[in-house]
Each structure stands twice: as structure tokens, then as C-alpha cells.
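First comes the structure, then the notes that go with it.
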Amino acid sequence: PVGLVKRLLLLLALVVPAVPGHAEPSTADARTVLLLTRALGYDRMLRKRAGDRVVVGVLEDPTHAAQSDKAREIREYLSSRDGLTVRGLPVECLSVAVDGDKPLESEIDRLEVDVLLLVDPPGTWDMSAIFDVTRATGTLTMSTDPDAVRHGAALGAAPDGSRIRLFVN
């Protein structure tokens, strides 16, 4: 039986192609982000804010490898969800890579971001500065980091054992 299992695993590895550079988020991360996206449906002002589509910008810190990798995984996962809608509006997911050359406010305006997603682990940015910008631009914030909600994000969600806890600010 062990030899059979090894042969089946080898066959499976040969038949199922790997997608280079594409990593799936963990099940907990995927469920957390989908819950946050669904929670956006409770925002009565979403249609007015978003227009004909909801643009979710995933904040990426290019100077923080772990955060940037996680943000990319989440963005790719949301982008791969064909037909994802909130209140009947299609969801478009984009990268918001912020550094000294690209200030957050100009990126939010340029990309027409309606919702800014902060991914745990947090990058090296200043949370209060982020929330100052999002308040000034009218951009809703959500996060997979409960600390971000304590600092001012409107929505947050994080795994709590076998459940996902939703935080509303």
C-alpha cells in the first residue's frame, strides 16, 4: 500500500501543474477576506461611494517582504474569484504599493480605490497617517489585523480558533 500511495502522489504531482509565482492564501486568510468583502454589503453608502464597481485596494509595503507576499496572495485570491459582487456591484481588486515615490493619497485617487484593505502582518507604515488619508479621501478601510481596527480601520476580521471574529469600528 505504501508503494501505491507514493505512485499516486507522484502521478498527482505530474498531472496537476504548479502555477509559478502564485500562492494560495491559507484557508483562514481566504475565509477572513471573503467575510470582510461580504461585510461591505452592510454599508448603506457603498453604492454612492463606489459607483458601478467596488475597487478594493490591497495595501502593499514593498519594504516588508512578508507583508508584501501576503498582500499579493490575498489580492490574487480575490481577483481570481469570478463573479464576486457586493450589493450587486462587481469587485475589482488592485495593488496599492506605497513608498516614498508614491504617496498613499495619490495612489487612492489614481486607482479610484473605494476600500483599502490592510493585510496582517502590518507593514512599516504609520497607521495613524494611513487613517488620516483614508478619512480625507472618504475611503473605507478594512483589515485582517485586529490592531488596525483599534487604530481606526472601519472593519476588521481575524481567525479566533475555528471561527472568524468580525470587528466593526
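It should be emphasised that the depicted structure is a prediction, and the values quoted were computed from it without experimental measurement.
- In this structure, the separation between CG on Leu40 and CG on Asp114 is 9.5 Å, given to the nearest 0.5 Å.
- The hydrophobic clustering, which links ILVMFWY residues whose side-chain heavy atoms are closer than 4.5 Å, places Leu140 and Phe167 apart.
- The heavy-atom pair separating Pro62 from Val98 by the smallest distance is CD-O, 3.3 Å.
- Distance CG/Leu118 to CG/Asp147: 11.5 Å, rounded to 0.5 Å.
- Minimum interatomic distance between Asp61 and Ser68 (heavy atoms only, all atoms of both residues): O-CB, 3.5 Å.
- Rounded to the nearest 0.5 angstrom, Arg150 CZ and Asp145 CG are separated by 8.0 Å.
- Residues that satisfy the side chain to side chain contact (heavy atoms under 4.5 Å, CB included) test with Leu94, not counting sequence neighbours, are Val55, Glu92, Leu111.
- For the atom pair CG (Asp52) and CG (Leu89), the distance works out to 7.5 Å, reported to the nearest 0.5 Å.
- Looking at Leu104, Val133, Val58 one by one, the single match for side chain to side chain contact (heavy atoms under 4.5 Å, CB included) with Leu116 turns out to be Leu104.
- Under the 3.5 Å distance criterion, the side-chain polar atoms of Arg47 are matched with a main-chain donor or acceptor of Arg87.
- Proximity of Val91 to Val56: side-chain heavy atoms (C-beta onward) are separated by under 4.5 Å at one or more points.
- Here the shortest heavy-atom pairing between Ala157 and Leu166 reads CB-CD1, 4.2 Å.
- Rounded to the nearest 0.5 angstrom, Leu59 CG and Ile74 CD1 are separated by 13.5 Å.
- Judged by distance alone, with hydrogens and angles left aside, the side-chain atoms of Glu107 form no donor-acceptor pair with the main-chain N or O of Ser95 at under 3.5 Å.
- Of all non-hydrogen atoms in Gly138 and Arg49, the two that sit nearest each other are O-NE, 3.3 Å.
- The backbone N or O of Val33 lies less than 3.5 Å from a partner atom in the side chain of Thr37, making a donor-acceptor pair.
- Linking Ile, Leu, Val, Met, Phe, Trp and Tyr residues whenever their side-chain heavy atoms come within less than 4.5 Å leaves Tyr42 and Val115 in two separate clusters.
- Smallest separation of non-hydrogen atoms from Thr85 and Arg38: O-NH1, 2.9 Å.
- Here CG of Leu35 is found 12.0 Å from OG1 of Thr144. Values are rounded to the nearest 0.5 Å.
- Val149 is not listed as a side-chain neighbour of Thr141, based on a closest heavy-atom distance of 4.5 Å or more.
- Among all heavy-atom pairs drawn from Arg31 and Ser162, the shortest one is NH2-O, 3.7 Å.
- The list of side chain to side chain donor-acceptor pair (under 3.5 Å) pairs with a residue in residues 126-136, not counting sequence neighbours, reads Asp126-Ser128, Asp132-Arg135.
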